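Let me begin by presenting the structure, written as structure tokens, before commenting on it.
Lettering follows sequence order; numbering is per chain, from 1. From a predicted model like this one, the values you see are computed outputs, not experimental measurements.
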There are 2 protein chains.
Amino acid sequence: MTATPDTDAPTEAPARGKRPKQGEPVIDRALSLLAVFSDRRRALTLSELARHADMPAPTALRLISRLVAWGALERLDDGRYVVGVRLWEVASLSPRGHGVREIALPYLEDLFEVTRHHVLLAVRDNEEAVLIERLSSKDATEVAYRVGGRAPLRSTAVGLVLLAGADQHFQEAIMAKPAEKEPGVAEMPEGQLRRTLSDVRRTGIAMIRRSHPSMTVSVASPIFDAQGSVVAALSIVVPDGSTPPNVLAPAVRATARAVSRNLGHQATVSTEVRTHSRG
Amino acid sequence: MTATPDTDAPTEAPARGKRPKQGEPVIDRALSLLAVFSDRRRALTLSELARHADMPAPTALRLISRLVAWGALERLDDGRYVVGVRLWEVASLSPRGHGVREIALPYLEDLFEVTRHHVLLAVRDNEEAVLIERLSSKDATEVAYRVGGRAPLRSTAVGLVLLAGADQHFQEAIMAKPAEKEPGVAEMPEGQLRRTLSDVRRTGIAMIRRSHPSMTVSVASPIFDAQGSVVAALSIVVPDGSTPPNVLAPAVRATARAVSRNLGHQATVSTEVRTHSRG
DNA sequence: AGGTGGCTTTCAATGGTTGGAATAGTATTG
DNA sequence: CAATACTATTCCAACCATTGAAAGCCACCT
């Protein structure tokens with residue numbers, strides 16, 4: 001610190017080898033280890049973890065050992081590591097994760113029972129939607145997303161609902177960015193997007209038609225908390241051409257409202273009328 | 001370390017005040033912060049977290065900030081902290097958490113649909129069972145446990161199944177300990193417990209009658225993975241006196257077997273016959 | 001106004017953390 | 001079967017992130 005590195009006058013690289021990159025907070029490193037796990041990487045060896053998290057093996061081992069001791073990770077018989085039940089347990093206390101899910105599940109099931117199509121529940125995390133729950137019969141249409149996975153905001157029905165419910169500032173930030181191309185979904189120019197979001201807010205319904213994994217139509221509706229903010233989105237995904245969307249919409253809206261009510265939201269008679277009505 | 005504390009000849013306490021208790025790995029501290037969250041404590045203030053995790057506020061703040069930056073925790077508008085979606089997302093990759101659940105859910109739903117009673121799915125973590133999933137209609141009997149919660153091994157149906165499926169060494173260790181008293185469940189002396197576990201292994205069914213939150217009967221059955229080890233337990237909980245247990249047992253066993261098959265388990269014709277039958 | 005309690009920032013001392021090197025173990029190859 | 005390549009683990013001295021008392025804020029209560 002105080003000493004100036006006056007002694008270094010090597011040819012070019014200060015590669016005296018010493019400590020290449022030291023100085024990242026321990027926690028960040030530990031978390032970056034957790035972040036290595038993904039849908040495709042559910043069981044990893046020490047060296048894989050070390051490589052992907054970009055840290056020397058001994059360091060990774062030390063951190064991982066702690067995580068294992070606590071139960072955040074578990075070690076399989078073959079020496080590989082997987083995410084542990086203990087972590088899952090704590091995560092199940094996440095209000096926006098299992099919290100909403102727990103309250104919504106019975107209603108999702110009702111909707112699923114009646115329609116026998118995919119029913120999805122998602123929340124927003126930063127600039128993406130995270131799938132919290134998905135109900136599917138064993139013989140339903142192919143669907144793109146899995147529970148715990150992420151979906152874009154601009155090109156999915158739940159995404160549009162969540163985006164429409166976000167604060168103005170955030171919406172502008174999203175629209176400022178160029179939309180990344182999503183396979184099988186029609187591009188939407190900014191003007192149309194703005195109109196769509198406004199419609200979603202007014203009607204409480206978002207609709208998207210996609211052709212990629214298969215021809216499907218998604219109909220989504222917002223879920224509100226006691227403060228009236230959009231905390232989640234519920235949607236149904238049906239094969240294009242089966243049940244007409246305008247038939248699905250009421251069912252989806254009704255279900256979403258039922259969940260909202262259970263979250264303490266004082267529903268107004270119409271979505272449009274939202275002035276000073278106090279329960 | 002190397003230097004002997006020769007200089008200390010104070011009156012009594014070396015309480016020169018300096019660093020009271022410093023020297024716990026950072027990760028452990030961070031994890032102990034996560035561990036503070038529980039069913040009853042889902043949203044906590046900084047000072048609450050610091051108090052329960054037993055560390056000074058500034059330290060807690062520093063650690064928490066990192067966790068928030070990553071998404072393991074989230075901060076509410078009122079300043080309190082809750083478990084974040086990002087953590088939930090990673091945790092959803094837990095093979096024994098969401099993994100089994102994802103595969104089992106459709107089957108659990110079938111069973112639930114037919115019986116309209118509580119359906120539970122649990123795995124073992126150390127000396128307890130952890131509830132992975134619970135399906136309940138809005139109008140079902142009161143039940144003691146919630147998803148993400150823990151239940152004792154010796155006095156619940158799923159617990160007995162998991163215990164019976166654990167390795168011999170572990171079972172002995174459990175039985176060596178005195179059984180903690182569980183309200184509403186009949187005590188079971190060691191001899192009877194041994195016999196019960198043996199029965200469970202033979203029949204693939206465990207049964208427990210409890211009187212506490214309400215009069216109920218639970219019937220559980222093991223779920224096997226491809227290697228033939230018990231990875232989870234499935235159970236149904238019905239009000240005592242409704243459907244007779246011997247009627248439920250086949251349904252529960254059948255469902256558990258269906259899940260096992262999907263996990264890659266090669267079911268044998270009878271549970272009793274398990275010699276050298278391949279494919 | 002004074003007091004209380006929670007939250008945040010600062011900062012110098014320090015001990016946990018770090019990663020190269022060496023060792024042991026394991027799979028793959030010639 | 002030795003050689004090779006890779007992974008996992010242990011060691012340890014240098015070092016820097018970590019630590020928590022102290023003090024400043026802010027909000028709330030009396």
Checklist entry - Has B:R29 got a side-chain N or O lying under 4.0 Å from the OP1 or OP2 atom of C:dG16? => result no
Next on the checklist: Let's see if you get this right: which residues in residues 72-83 of chain B place a heavy atom under 4.0 Å from DNA chain C?
Outcome noted: B:R75
Item to check | Results of side-chain contact (heavy atoms from CB on, under 4.5 Å) for A:A35 - residues two or more places apart only | outcome: B:W70, B:R86
Checklist entry - To the side chain of B:P56, which of D:dT7, D:dA21, C:dT8 is closest? => result D:dA21
Checklist entry - OP1 or OP2 of D:dT18 less than 4.0 angstrom from a side-chain nitrogen or oxygen of B:R62, does that happen here? => result no
Checklist entry - Considering the terminal five base pairs at each end of the helix from C:dA1-D:dT30 to C:dG30-D:dC1, what angle separates the two local helix axes, rounded to 10°? => result 40°
Checklist entry - At under 4.0 Å, does any side-chain N or O of A:T59 touch on OP1 or OP2 of C:dG19? => result yes
Checklist entry - Any side-chain N or O of A:T45 under 4.0 Å from OP1/OP2 of D:dT7? => result no
Kindly list each side-chain donor-acceptor pair under 3.5 angstrom involving residues 93-102 of chain A, sequence neighbours excluded, with atom names and distances?
from: A:S94; atom 1: OG; to: A:G97; atom 2: N; distance (Å): 3.1
from: A:S94; atom 1: OG; to: B:V83; atom 2: O; distance (Å): 3.2
from: A:R96; atom 1: NE; to: B:E74; atom 2: OE1; distance (Å): 3.0
from: A:R96; atom 1: NH1; to: A:R124; atom 2: O; distance (Å): 2.8
from: A:R96; atom 1: NH2; to: A:R124; atom 2: O; distance (Å): 3.0
from: A:R96; atom 1: NH2; to: B:E74; atom 2: OE2; distance (Å): 3.2
from: A:R101; atom 1: NH1; to: A:E133; atom 2: OE2; distance (Å): 2.6
from: A:R101; atom 1: NH1; to: B:E133; atom 2: OE2; distance (Å): 3.4
from: A:R101; atom 1: NH2; to: B:E133; atom 2: OE1; distance (Å): 3.1
from: A:R101; atom 1: NH2; to: B:E133; atom 2: OE2; distance (Å): 3.2

Dump every N/O contact between nucleotides 22-29 of chain D and the protein below 3.5 Å, one line per pair.
none

Checklist entry - Within the pair A:S47 and D:dC6, is there a side-chain N or O less than 4.0 Å away from OP1 or OP2? => result no
Contact list (N/O, under 3.5 angstrom) for nucleotides 25-28 of chain C vs protein:
none

Next on the checklist: If you apply the rule side chain to side chain contact (heavy atoms under 4.5 Å, CB included), what do you find for A:R41 with A:E48, and how did you get there?
Outcome noted: CA-CA 10 Å; A:R41 309 175 184 290; A:E48 283 172 328; 5.9 Å; no
